[in-house]
Structure formats: C-alpha cells, structure tokens
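Down below is the structure, laid out as structure tokens.
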Amino acid sequence: MDNMPEKDPGTWFALWNAVPEPIKAAIMTFILSAVVAVQDKDVTWRGVTMRVSVGTILILMASNGFQAAGMSNGWGYGLGALVGLFGLEQFKVWVKHWADNKVD
C-alpha cells in the first residue's frame, strides 16, 4: 500500500512538467473558462461547452504563435487568463477595438 505512486507529489509534479507550455496554458484556460461560464446563469450546457472549447483552441493557436514569434510562453498564460476570465465576447470587443485603432 505504501508504494502507490499517485500518493507521491513528485509523480504529479514530474507529470505536469512533462506537459508542453501551450498545453498547460490551454488546460488552465479550459478550467477558468468552465468555472466562469458555469456561474453565468443564462448559459446552457451547450453554450458552456462552446465557450470552453473555442477559448481553449484560441489559446493553443495563440501560444504556438507566440512561440513561433520568439516570444515568451507567459504571453499564452496571460492571454488564456484574459479569455477565461472575461469571456470570448469581451475578448472579441477588445480585439476589434485594437484593430480599429491600428487601421486608423
């Protein structure tokens, strides 16, 4: 009974460290988006699933883009936190506002 690897925190730490950084950002975005979306009373389970899925895919794409541009993986975590906390709708408003300012 004492040799159960799941009881050793070092096993979980090693497993988490083996996960690539973009996947870590996506996992955290998934969890944060799910918690925020479930608390929204007007959203159905289908809506929660869509929000979480699209947010997670967006973060995976953005994290890989940051990595390809030579930027830190921390940007993926930060963007994931923004999308997860404020939701995709607010994120789209911010991106549209930023793009409009760049075009003008």
Side-chain angles (χ1 to χ4, degrees):
M1 274 300 200
D2 291 326
N3 288 339
M4 297 172 60
E6 67 270 4
K7 299 257 183 185
D8 179 21
T11 303
W12 293 107
F13 184 73
L15 179 66
W16 181 250
N17 280 338
V19 175
E21 294 293 326
I23 303 297
K24 287 180 186 176
I27 290 169
M28 288 192 249
T29 303
F30 180 89
I31 293 169
L32 186 58
S33 295
V35 169
V36 171
V38 166
Q39 290 195 358
D40 189 1
K41 302 292 184 209
D42 298 333
V43 178
T44 63
W45 279 105
R46 182 176 179 218
V48 169
T49 304
M50 289 301 295
R51 283 186 185 184
V52 169
S53 299
V54 172
T56 302
I57 292 168
L58 174 71
I59 295 310
L60 276 174
M61 291 178 358
S63 292
N64 287 328
F66 291 142
Q67 206 170 24
M71 298 170 70
S72 167
N73 286 327
W75 287 98
Y77 291 128
L79 186 63
L82 284 174
V83 171
L85 189 59
F86 294 109
L88 288 172
E89 292 80 20
Q90 183 62 43
F91 186 72
K92 286 191 304 191
V93 168
W94 290 339
V95 169
K96 184 177 181 324
H97 179 72
W98 177 79
D100 288 344
N101 285 340
K102 288 293 182 185
V103 169
D104 291 338

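Any value given below was found using the heavy atoms of this structure, including those in side chains, with hydrogens, waters and symmetry copies removed. Keep in mind it's a predicted model, so treat the numbers as computed, not measured.
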Q) Just one of Lys96, Lys102, His97 clears the side chain to side chain donor-acceptor pair (under 3.5 Å) bar with Asp100, so which one? A) Lys96

(Q) I'd like to know if Ile23 and Ile31 are part of one continuous hydrophobic network [Ile/Leu/Val/Met/Phe/Trp/Tyr, side-chain heavy atoms within less than 4.5 Å]. (A) yes

Q) salt bridge (Lys or Arg N to Asp or Glu O under 4.0 Å): which pairs involve residues 17-38, sequence neighbours left out? A) Glu21-Lys24

Q) Would a hydrophobic clustering, with Ile, Leu, Val, Met, Phe, Trp and Tyr connected at side-chain separations under 4.5 Å, put Met61 with Phe66? A) no

Q: Could you point out which residue of Val54, Thr49, Val48 forms a side chain to side chain contact (heavy atoms under 4.5 Å, CB included) with Val52?
A: Val48

Q.
Can you confirm whether Met71 is buried at CE, in the sense that more than 12 heavy atoms of other residues, nucleotides or ligands lie under 6.0 Å from that atom?
A. yes

Q: Enter the distance from Thr56:OG1 to Ile59:CD1 here, rounded to the nearest 0.5 Å.
A: 8.0 Å

(Q) Between Leu32 and Trp94, is there shared hydrophobic-cluster membership here, with clusters defined by ILVMFWY side-chain heavy atoms closer than 4.5 Å? (A) yes

Q) To the nearest 0.5 Å, how far apart are OG in Ser33 and CG in Leu58? A) 9.5 Å

Q) If you group Ile, Leu, Val, Met, Phe, Trp and Tyr by side-chain heavy-atom gaps below 4.5 Å, do Phe30 and Val38 land in one group? A) yes

(Q) Just checking Trp16: does its CH2 atom have more than 12 heavy atoms from other residues, nucleotides or ligands closer to it than 6.0 angstrom? (A) yes

